[in-house]
Structures are given as structure tokens and as C-alpha cells.
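Remarks on the structure that follows.
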Amino acid sequence: MNKINRFHLVSILMLFTASFATAQNRNFKIGIKAGTNLSSLSGDEVVSSADPSIRIGDKSTRLTGFVGGVFFRLGNSVFIQPEVLLSQKGGTFNVFRSAGNSQEEVKVRFTNLDVPVLLGIRIGEVLRINAGPIASLRLSENGGLRDALNEVGATSVEDNFRQAALGYQVGVGFDIGNINLDLRYEGNASNIIDTNTASSSFNSQLKRKNNLFQATVGFVIF
């Protein structure tokens with residue numbers, strides 16, 4: 001190895017070491033992150049009030065969606081980390097029609113503005129544990145679930161998708177220099193669908209909550 005290459009190698013190692021030390025010791029950080037959600041909607045089986053041969057059942061298959069945005073971290077060994085994220089969530093359902101012996105898969109997608117506020121504890125130089133509440137504001141959704149629920153008798157579903165919902169996140173993270181890796185689970189404390197029809201038992205069947213697994217990669221930019 002010639003002197004120039006050795007010089008470049010030593011320079012890169014010094015820059016990496018300095019970056020690592022700065023990222024670990026600074027008490028306030030701003031970063032960007034992006035990744036994937038694997039989400040589902042959970043609730044009771046729904047049977048049509050007009051036609052009992054039609055029912056909706058949850059499916060275990062999770063829906064893949066994008067998540068990305070910015071995060072802020074205040075503190076070091078113990079820290080608070082608020083985030084502002086654009087997040088795609090949803091789930092997959094089966095609509096069964098026993099009269100025609102048919103089955104249809106319905107995919108439901110929501111695009112939300114999520115604001116989690118996490119409390120974290122660092123264990124060693126790399127590992128951290130995070131948990132805290134999350135507020136979700138629905139920006140848009142496709143018509144899949146609404147159409148399916150309307151088919152089983154919930155004619156007012158269009159007005160009953162909750163604009164906002166509260167939930168929680170819990171997970172682990174790994175900090176390697178300015179690179180952040182996060183694995184989290186998210187659940188809803190409130191229903192994202194809460195209908196108001198004439199039948200209280202039918203309303204109970206129609207309620208749905210969202211849950212997901214999330215994996216993201218982040219980079220500290222300040």
C-alpha cells in the first residue's frame with residue numbers, strides 16, 4: 001500500500017471516528033428516516049344485516065406501506081424523541097359470499113401524518129429502547145374497506161372513518177455513528193373505524209383497530 005492510499009485510509013478512519021463520537025455525545029440531534037410498515041386491521045367478523053350470506057373476515061396477511069420523515073432527539077443516555085412521519089397503513093380482508101360460494105380479497109390503505117413522542121434509554125454505545133404515544137391524522141384512504149362494509153349494511157361508513165387516532169409504539173434501535181436502525185411495534189388505543197348505525201351489536205362488529213411492525217433506517221443530519 002503506497003503512502004497516498006495509507007493517508008486516505010487513515011483520514012477516512014479519523015473522520016468516521018470523529019463522526020461516531022460526535023453523534024454519541026451530542027445532546028440534541030435532527031435526522032431523517034425512511035422504511036417500511038407491515039400493517040393489518042383487526043376486529044370482529046362482520047355479517048350482513050341485509051343478507052346473512054355475506055360476511056367480512058380479517059385476513060392474517062399484512063399490507064406493506066412506506067413510512068418516512070424527520071426525527072428530533074433531546075438527551076443522551078435518557079432521551080425524548082419526537083418524530084413527524086408520513087405513514088401508509090392498512091390491512092387485508094376477505095369478503096365471503098356463501099350464496100355464490102365466492103371470496104374476494106379487499107386491500108385497505110390509509111395515508112397518515114404520524115407524530116410519535118418516544119421516551120428512550122440507551123444501553124451501552126449502540127443499543128437503545130424506545131416507547132411512547134403516537135397521534136395519527138388520516139390524510140387519505142382508498143375506498144376498499146368502506147365499499148366492503150357498505151355491502152354488509154353499514155351505509156353510513158363514509159362519515160365514520162376517524163380523522164384522528166391515538167396509539168403507542170415500542171421497540172429497539174441501534175445507533176452506528178450517524179446511522180440509526182429502528183424496529184418497532186405500533187398499536188391503536190382507539191378505533192380507527194367507529195360506525196353509528198341503528199344496531200348497537202352491528203356497530204360493535206364494525207369497529208376496527210390498526211397494528212403494524214415497522215423497520216426504518218435513519219441518518220443524523222445535525
Side-chain angles (χ1 to χ4, degrees), residues 9-42 62-91 110-140 162-192 209-222:
L9 178 60
V10 171
S11 299
I12 291 171
L13 289 175
M14 290 178 65
L15 287 172
F16 180 81
T17 302
S19 174
F20 184 86
T22 301
Q24 297 301 317
N25 294 327
R26 194 167 61 241
N27 288 325
F28 178 71
K29 301 176 183 177
I30 300 175
I32 56 176
K33 62 186 302 185
T36 301
N37 289 331
L38 294 175
S39 61
S40 66
L41 292 167
S42 60
R62 290 184 174 269
L63 203 64
T64 301
F66 168 82
V67 59
V70 297
F71 66 88
F72 310 87
R73 188 180 300 168
L74 179 62
N76 198 340
S77 57
V78 177
F79 59 88
I80 295 176
Q81 182 165 316
E83 302 176 354
V84 180
L85 306 172
L86 191 66
S87 183
Q88 292 180 328
K89 307 176 183 181
F110 298 86
T111 299
N112 288 359
L113 181 66
D114 285 352
V115 183
V117 180
L118 306 179
L119 177 64
I121 299 175
R122 186 180 298 282
I123 302 174
E125 294 296 325
V126 176
L127 178 64
R128 56 186 159 77
I129 300 174
N130 321 284
I134 178 173
S136 295
L137 178 66
R138 180 175 55 83
L139 301 178
S140 66
R162 287 203 168 181
Q163 192 70 28
L166 296 177
Y168 60 90
Q169 286 190 345
V170 59
V172 297
F174 305 90
D175 296 336
I176 305 172
N178 286 331
I179 304 297
N180 297 171
L181 306 176
D182 277 277
L183 300 173
R184 296 179 188 172
Y185 174 80
E186 179 184 318
N188 274 136
S190 56
N191 294 302
I192 64 169
K209 290 184 177 181
N210 197 212
N211 67 85
L212 60 85
F213 293 98
Q214 184 181 94
T216 59
V217 177
F219 184 78
V220 176
I221 58 177
F222 175 79

For [X] and [Y], which heavy atoms make the closest approach, and how far apart are they?
X	Y	value
Ser40	Arg62	OG-NH1, 3.4 Å
Phe71	Glu83	CB-CG, 3.5 Å
Leu85	Pro116	CD1-CG, 4.2 Å
Ile121	Phe79	N-CE2, 3.9 Å
Phe66	Ala34	CE1-CB, 4.0 Å
Ser136	Asn112	CB-ND2, 3.7 Å

If you measure from [atom1] on [X] to [atom2] on [Y], what distance do you get to the nearest 0.5 Å?
X	Y	atom1	atom2	value
Leu212	Glu186	CG	CD	4.0 Å
Ile80	Leu118	CD1	CG	10.0 Å
Asn178	Phe219	CG	CZ	5.0 Å
Leu38	Gln214	CG	CD	10.0 Å
Arg122	Asn130	CZ	CG	9.5 Å
Arg128	Asp175	CZ	CG	4.0 Å

Practice item. I would like to know whether Leu139 and Leu86 meet side chain to side chain contact (heavy atoms under 4.5 Å, CB included); could you show each step before the answer? Key: CA-CA 9 Å; Leu139 301 178; Leu86 191 66; 3.7 Å; yes

Point to revise | Qualifying residue for side-chain hydrogen bond (donor to acceptor under 3.5 Å, both in side chains) with Lys89, from Asn210, Asn211, Asp114 | key: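 Result for side-chain hydrogen bond (donor to acceptor under 3.5 Å, both in side chains) with Lys89: Asp114.
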
Exercise for review: Please assess Val78 against Leu119 for the test side chain to side chain contact (heavy atoms under 4.5 Å, CB included), listing each intermediate value before the final yes or no.
Suggested key: CA-CA 8 Å; Val78 177; Leu119 177 64; 4.2 Å; yes

Exercise for review: For the pair Phe28 and Phe222, name the ring-plane relationship: parallel under 30°, tilted 30 to 60°, perpendicular over 60°.
Suggested key: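 Perpendicular.
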
Practice item. Look only at the side chain of Asn37 and the backbone of Gln88, and say whether a donor-acceptor pair between them is shorter than 3.5 Å. Key: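 Yes, because the side chain of Asn37 sits within donor-acceptor range (under 3.5 Å) of the backbone of Gln88.
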
**Study point:** Evaluation steps, side chain to side chain contact (heavy atoms under 4.5 Å, CB included), between Phe174 and Asn180
**Key:** CA-CA 6 Å; Phe174 305 90; Asn180 297 171; over 6 Å; no

